[in-house]
Amino acid sequence: AKRTPNLIVFAPTVGRELGDVFEHAGVNFVDSAGNCHLKLGNRYLARIQGRTAATKAPTDRGLRAPAYRALFALLVRPDLINAASRAIAAEAEVSPQTANDLRRRLVEQGLVYETKKRHAWVSGRFKDVVALWLAGFTTSLAPSLVIGHFRAMEREPDKLEQRIAPVLDAACDWRYGGAAAGMRLTGHYRGERTVLYTRDAPADLVTRLQLVRDPSGPIALMRAPGLLAFDSKDPRSVHPLLAYADLLAEGHDRAREAAGELYDRFLSAAEPAA
């Protein structure tokens with residue numbers, strides 16, 4: 001403010017104490033409720049404080065599974081944030097309205113900024129976007145993708161993989177998730193749980209795989225959350241972000257360590273450009 005005459009700070013909320021600090025320092029401000037301190041030269045002076053923010057719109061509810069599919073697509077392809085809603089929708093296999101509503105929500109949460117001509121990611125908020133997606137993956141997205149949980153005759157994951165891979169190849173497009181994907185991407189940890197993501201799986205896939213339904217079984221058969229789920233450097237693995245979420249969902253130390261390895265190697269350097 002000392003270097004820039006008539007500088008104005010626009011902020012969602014400026015409380016009374018901060019407003020007094022700004023006024024004393026000669027900093028002009030306006031918040032979304034209309035509170036302000038404005039001194040423009042010697043011709044205009046305004047000071048308003050005490051107004052409360054408007055009630056949030058009814059649309060400010062928790063996101064649903066389709067929105068998290070769209071968010072996954074945006075995290076895998078950050079450049080899509082400035083694409084048309086129909087382009088985001090096509091990658092996530094959701095409606096354009098869902099994609100548009102999600103992007104508006106990201107703007108409201110300060111994760112994306114919007115101008116008349118473009119949308120762009122807010123710098124330094126990538127971990128917050130990933131955290132938002134992870135919360136939704138656990139509570140909303142993953143349950144919507146589950147085909148079922150099963151067990152097989154093989155107890156050793158490597159023997160199971162040897163048997164089912166040719167069957168899956170003949171039946172549909174598919175990839176490993178979770179620890180099986182993590183092992184292929186980092187070589188860190190395999191574990192006993194096997195997560196399989198499929199696209200356009202036939203109705204009799206479970207029979208072909210000779211699996212027995214078991215709610216607590218170590219094999220999870222899932223639907224892929226959009227076209228980008230299989231975008232991976234390893235031809236048998238899902239995208240690292242999806243494998244990362246699977247591993248965290250396992251909830252034990254070894255899986256969390258493997259998830260951290262995936263994040264450090266593949267996700268930490270993927271922060272979207274502002």
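Numbering starts at 1 and runs along the sequence shown.
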- Task: Anything under 30° is parallel, anything over 60° is perpendicular, the rest tilted; go ahead and classify Trp174 against Tyr176.
- Result: perpendicular
CD of Gln162 to CD of Glu156, rounded to nearest 0.5 Å, is 10.0 Å
ask   = Checking side-chain contact (heavy atoms from CB on, under 4.5 Å) for the pair Ser232/Leu185: CA distance, chi angles, key distance, verdict?
value = CA-CA 9 Å; Ser232 176; Leu185 291 166; 3.7 Å; yes
Backbone N/O of Pro78 and side chain of Trp121: donor-acceptor pair under 3.5 Å
yes
Q.
Counting only heavy atoms from other residues, nucleotides and ligands, does the tally under 6.0 Å from CZ of Arg86 exceed 12?
A. no
**OP:** Verify side-chain contact (heavy atoms from CB on, under 4.5 Å) between Glu257 and Glu261, making sure each step is shown before the conclusion.
**Re:** CA-CA 6 Å; Glu257 288 176 6; Glu261 181 75 15; over 6 Å; no
Side chain to side chain donor-acceptor pair (under 3.5 Å) filter on Ser216, not counting sequence neighbours, yields Asp214
Looking only at heavy atoms, the pair that brings Ala70 and Val94 closest together is CB-CG2, 4.3 Å
Minimal heavy-atom distance between Cys172 and Ala201, with the atoms involved, is CB-CA, 3.9 Å
Value for CG (Leu228) from CD (Glu93), rounded to nearest 0.5 Å, stands at 9.5 Å
Shortest non-hydrogen pair, Leu242 vs Ala229, comes out as CD2-CB, 4.1 Å
- prompt: In terms of hydrophobic clusters joined by side-chain contacts under 4.5 Å, are Tyr68 and Leu227 together?
  reply: no
Neighbour count >12 (heavy atoms, 6.0 Å) for atom NE2, His252: yes
Can Phe230 be reached from Met183 by stepping across I, L, V, M, F, W or Y side chains whose heavy atoms are under 4.5 Å apart? no
In terms of heavy-atom contacts, Pro157 and Glu192 come closest through CG-CA, 4.1 Å
(Q) I want to check something: taking the side chain as every heavy atom from C-beta on, are Arg69 and Leu145 in contact at a cut-off of under 4.5 Å? (A) yes
**Any side-chain donor near an acceptor of the partner, Asp101 and Gln97, under 3.5 Å** = yes
* Asked: Is there a donor-acceptor contact under 3.5 Å from the side chain of Arg193 to the main chain of Ala180?
  -> no
ask   = Is there a side-chain contact between Leu241 and Phe266, using heavy atoms and a 4.5 Å cut-off?
value = no
Any donor-acceptor pair under 3.5 Å linking the side chain of Gln49 with the backbone of Val14? yes
| said: Any non-hydrogen side-chain atom of Pro225 less than 4.5 Å from a side-chain atom of Tyr197? | reply: yes
CD1 of Ile164 to CG of Leu196, rounded to nearest 0.5 Å, is 4.5 Å
*Compare all side-chain heavy atoms of Asp173 with those of Asp200 and state whether any distance is below 4.5 angstrom.*
no
For Ala171 and Leu205, the nearest pair of non-hydrogen atoms, with its separation, is CB-CD1, 3.8 Å
Q.
Starting from Tyr263, can I reach Val238 by hopping between I/L/V/M/F/W/Y residues whose side chains sit under 4.5 Å apart?
A. yes
Q.
When you group the ILVMFWY residues by side-chain heavy-atom contacts below 4.5 Å and let the links chain together, are Tyr113 and Val9 in the same group?
A. no
* **Residue pair Arg103, Leu80: steps toward the side-chain contact (heavy atoms from CB on, under 4.5 Å) verdict** => CA-CA 10 Å; Arg103 187 158 51 186; Leu80 284 173; over 6 Å; no
- Side chain proximity check, Leu160 to Thr194, heavy atoms < 4.5 angstrom: yes
Cationic N near anionic O, under 4.0 Å, Arg236 to Asp234 | no
Side-chain contact, heavy-atom cut-off 4.5 Å: His37 with Val27?
no
Notebook entry, point to check: Are Val129 and Val107 grouped together when hydrophobic residues (ILVMFWY) are joined by side-chain heavy atoms under 4.5 angstrom apart?
Noted result: yes
Would you call the rings of Phe22 and Phe29 parallel, tilted or perpendicular, where under 30° means parallel and over 60° means perpendicular? tilted
Next item on the list: May I ask you to decide if Gly182's main-chain N or O and Thr186's side chain share a donor-acceptor pair within less than 3.5 Å?
Entry: yes
| request: Tell me, with the steps shown, if Leu106 and Leu74 meet side-chain contact (heavy atoms from CB on, under 4.5 Å). | output: CA-CA 11 Å; Leu106 294 175; Leu74 291 174; 4.0 Å; yes
To the nearest 0.5 Å, atom NE2 of His239 lies from atom OH of Tyr244 at 13.0 Å
Output for pair (Leu111 CG, Arg125 CZ), nearest 0.5 Å, gives 4.5 Å
Value for CZ (Arg51) from CG (Asp31), rounded to nearest 0.5 Å, stands at 9.5 Å
message = Quick test of your reading of the model: are Arg175 and Asp231 salt-bridged, counting only N-O distances below 4.0 Å?
response = no
Taking every heavy atom of Val30 against every heavy atom of Cys36, the minimum-distance pair comes out as CG2-CB, 4.0 Å
| If we only count heavy atoms from C-beta on, is the Thr198 to Met222 side-chain gap below 4.5 Å? | no
Requested in this report: Verify, without hydrogens or angle tests, whether Arg256 (side chain) and Gly251 (backbone) share a donor-acceptor contact under 3.5 angstrom.
Outcome: yes
Taking the side chain as everything from C-beta on, heavy atoms only, tell me whether Trp133 gets closer than 4.5 Å to Phe72. yes
